[in-house]
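Comments concern the structure below.
The basis for the numbers below is simple: all heavy atoms, side chains too, and nothing from hydrogens, waters or symmetry mates. Here is how names work: the chains are called A, B, and so on, in the same order as the sequence lines, proteins then strands, and each is numbered from 1.
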2 protein chains.
Amino acid sequence: MSNIFNIETKNGKQYGILFIYILHSINKLPKTGYDLITEIKEKTEGTWVPSKGTIYPLLKHLQEENFIIIKQIGERSKQIFMITDEGKKTLSNAKKYGCQMEENFLKFRRLVSEIVEFKNEEIIELMYNIRMLSVSKSKIKDDEVRYILDNCVNDLKKI
Amino acid sequence: MSNIFNIETKNGKQYGILFIYILHSINKLPKTGYDLITEIKEKTEGTWVPSKGTIYPLLKHLQEENFIIIKQIGERSKQIFMITDEGKKTLSNAKKYGCQMEENFLKFRRLVSEIVEFKNEEIIELMYNIRMLSVSKSKIKDDEVRYILDNCVNDLKKI
DNA sequence: ATAATACCGTTCGAAACCGAAATATTTTTA
DNA sequence: TAAAAATATTTCGGTTTCGAACGGTATTAT
């Protein structure tokens, strides 16, 4: 399942979603490993809670690769990490491929739709197209996308 | 990341997405391990390709648990699997919790959207409504749902 | 004042999955 | 006609992630 949540840049480098999220989050505000676990848990309402056995080794690795450094050490061996210039560059580069991740996820989700949602393959495909188009077109004309989706909701309600 | 791709039934049983997909797909048409790998690869356009090392042991396990049996053996040691009554029951039971996985996806997706800087909560919410309405309304009037979704796709394409 | 909980990090065995290598046969391509 | 590709399965070492156990301190609840 690695391809679904990985980004692969031009030079063949692969970054997992946790790798990217850590850089993304620390870029916004320096924080601890404990903070990151808590934040992800809250933001996904408990559906994704990376293990300590995953977070702490990965933070150490990010340090070794010079993407982050320890900004300060507080009480209880608290280690507050901050992003480096190298980390910012890597994050920025990875985000260029963010739509790749989005598309992969939507493709995977389409398969899941077949199992748990719709029996009609045509509707599955239509839903997939709406999702894909919404993401790409909203970058151009956000308002129009929202208007169209809102109309769709209203039409569906009338059934 | 187990919660995102698992369904957990009332009695605490957990089923992975691959487990469920295999039962779902074989329920529709008996097939081989090779067929399953190929099918998943095609349907997700290459974003998810379970490994042979994953599929074949899992098929063996499903057999041992009496969810599937070998319907026939063809050329090249081809093993065609079909679902059992026990398998159908388990599949049916798991599908009842399908919406659980959908909810998890939505929550996880919000985090992914933050990373890729697709910040439009309103569009995500509208998409969620469209999906919910489509599921429920398609049970009543499949044709009308398809018509409305098709119109939506066409409108989005015009942007 | 004490116990429970929350806040911190480290580490390693187990589980799940991957991917390569191996084996084999049939079909397609050059 | 021979080579390449596709169809098939098995297996196992390696990788990734988890989760439990461990160690520790500060805060909150009883």
Side-chain angles (χ1 to χ4, degrees), chain A residues 1-8 12-22 26 30-42 44 46-65 68-81 108, chain B residues 1-8 12-22 25-26 29-42 44 46-65 68-81 108:
Chain A
M1 276 201 185
S2 53
N3 283 348
I4 298 169
F5 302 110
N6 283 1
I7 279 173
E8 180 166 340
K13 271 275 192 182
Q14 279 212 5
Y15 303 109
I17 182 153
L18 186 56
F19 177 105
I20 298 164
Y21 185 78
I22 290 177
I26 287 178
K31 51 188 55 118
T32 69
Y34 184 88
D35 289 335
L36 286 162
I37 294 172
T38 304
E39 182 177 281
I40 291 172
K41 180 179 182 179
E42 283 172 358
T44 61
T47 65
W48 181 26
V49 190
S51 173
K52 300 174 187 170
T54 306
I55 284 282
Y56 291 108
L58 185 48
L59 284 171
K60 189 168 294 263
H61 172 71
L62 290 178
Q63 234 192 316
E64 285 161 2
E65 299 284 330
I68 63 177
I69 56 171
I70 295 181
K71 176 192 181 195
Q72 122 198 29
I73 296 182
E75 300 165 319
R76 323 180 208 186
S77 346
K78 187 176 201 171
Q79 295 167 30
I80 299 176
F81 294 94
F108 173 72
Chain B
M1 277 203 184
S2 53
N3 283 349
I4 298 170
F5 306 110
N6 284 0
I7 280 175
E8 180 167 339
K13 269 275 193 182
Q14 279 212 3
Y15 303 109
I17 180 72
L18 187 55
F19 177 105
I20 298 164
Y21 184 79
I22 290 177
S25 183
I26 288 179
L29 183 75
K31 50 187 57 117
T32 68
Y34 185 86
D35 289 335
L36 287 162
I37 295 172
T38 304
E39 183 178 280
I40 291 172
K41 179 179 182 180
E42 283 171 359
T44 61
T47 65
W48 182 25
V49 191
S51 174
K52 303 170 189 171
T54 305
I55 284 281
Y56 291 108
L58 184 49
L59 284 173
K60 190 166 295 257
H61 172 70
L62 290 179
Q63 234 193 315
E64 285 161 2
E65 297 284 330
I68 63 177
I69 56 170
I70 295 180
K71 177 191 182 198
Q72 120 198 31
I73 296 183
E75 302 163 317
R76 322 180 213 187
S77 345
K78 187 176 199 172
Q79 296 165 33
I80 299 176
F81 293 93
F108 179 71

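- One atom, CD1 of B:Ile22, and another, C1' of C:dA16, lie 14 Å apart when rounded to the nearest Å.
- Counting heavy atoms from C-beta on, the side chains of A:Thr32 and A:Gln79 never come closer than 4.5 Å.
- Rounded to whole angstrom, the span from the CD1 atom of A:Ile4 across to the P atom of D:dT16 amounts to 17 Å.
- Panel note: side chain A:Thr54, backbone A:Pro50; no donor-acceptor pair is recorded below 3.5 Å.
- We find that OH of B:Tyr34 is positioned 12 Å from C1' of C:dT26, with the value rounded to whole Å.
- Between the side chain of B:Thr38 and the backbone N or O of B:Tyr34 there is at least one donor-acceptor pair closer than 3.5 Å.
- DNA chain D is contacted by B:Arg76, B:Ser77, B:Lys78, B:Gln79 of residues 71-80 of chain B, taking any non-hydrogen atom closer than 4.0 Å.
- As rounded to whole Å, 15 Å separates atom C1' of C:dC17 from atom CZ of A:Phe5.
- Each of B:Thr38 and A:Val49 lies near DNA chain D, and the nucleotide nearest B:Thr38 is the one positioned closer to the 5' end.
- Counting heavy atoms from C-beta on, the side chains of A:Phe81 and A:Asp35 never come closer than 4.5 Å.
- Within the 4.0 angstrom heavy-atom criterion, only backbone atoms of the sugar-phosphate kind lie near B:Gly33; the bases stay farther away.
- For A:Ile55 and C:dT10, the CD1 to C1' distance is 14 Å, given to the nearest whole Å.
- Relative to the side chain of A:Lys52, the nucleotides C:dA20, C:dC7, D:dC22 differ in distance, and D:dC22 lies closest.
- For A:Ser51, whose side chain is taken as the heavy atoms from C-beta onward, the closest listed nucleotide among C:dT10, D:dC18, C:dC8 is D:dC18.
- In this structure, the nucleotide among C:dC18, D:dT9, C:dC8 sitting nearest to the side chain of A:Asp35 is C:dC8.
- In this structure, the ring of A:Tyr15 has its center no less than 6.0 angstrom from the ring center of A:Phe5.
- Atom C1' of nucleotide D:dT7 and atom CD of B:Glu42 are separated by 14 Å, given to the nearest angstrom.
- The side chain of B:Tyr56 contributes no N or O atom lying less than 4.0 Å from OP1 or OP2 of D:dT10.
- Every residue meeting the side chain to side chain donor-acceptor pair (under 3.5 Å) condition with A:Glu8, not counting sequence neighbours, appears here in chain and number order: A:Gln14.
- B:Ile40 has its side chain out of reach of A:Phe108: every pair of non-hydrogen atoms, C-beta onward, lies at least 4.5 Å apart.
- Side-chain contact between A:Ile80 and A:Ile70 is absent, with no heavy atoms from C-beta onward closer than 4.5 Å.
- Of the candidate nucleotides C:dC18, D:dA6, C:dT11, C:dC18 has the atom lying nearest to any side-chain atom of B:Thr54.
- Each end of the helix from C:dA1-D:dT30 to C:dA30-D:dT1 gets its own axis, taken as the rotation carrying the C1' atoms of four end pairs onto the next four within a five-pair window, and the two axes meet at 30° to the nearest 10 degrees.
- Between the P atom of D:dT9 and the CG atom of B:Leu58 lies a distance of 14 Å, rounded to the nearest Å.
- Listed here is the closest heavy atom pair of A:Thr47 and B:Ile4: O-CG1, 3.6 Å.
- Using a 3.5 Å distance cut-off with no hydrogens or angles, the side chains of B:Tyr21 and B:Glu39 do pair a donor with an acceptor.
- Put simply, NE2 on A:His61 is 16 Å from P on C:dT10, counting in whole angstrom units.
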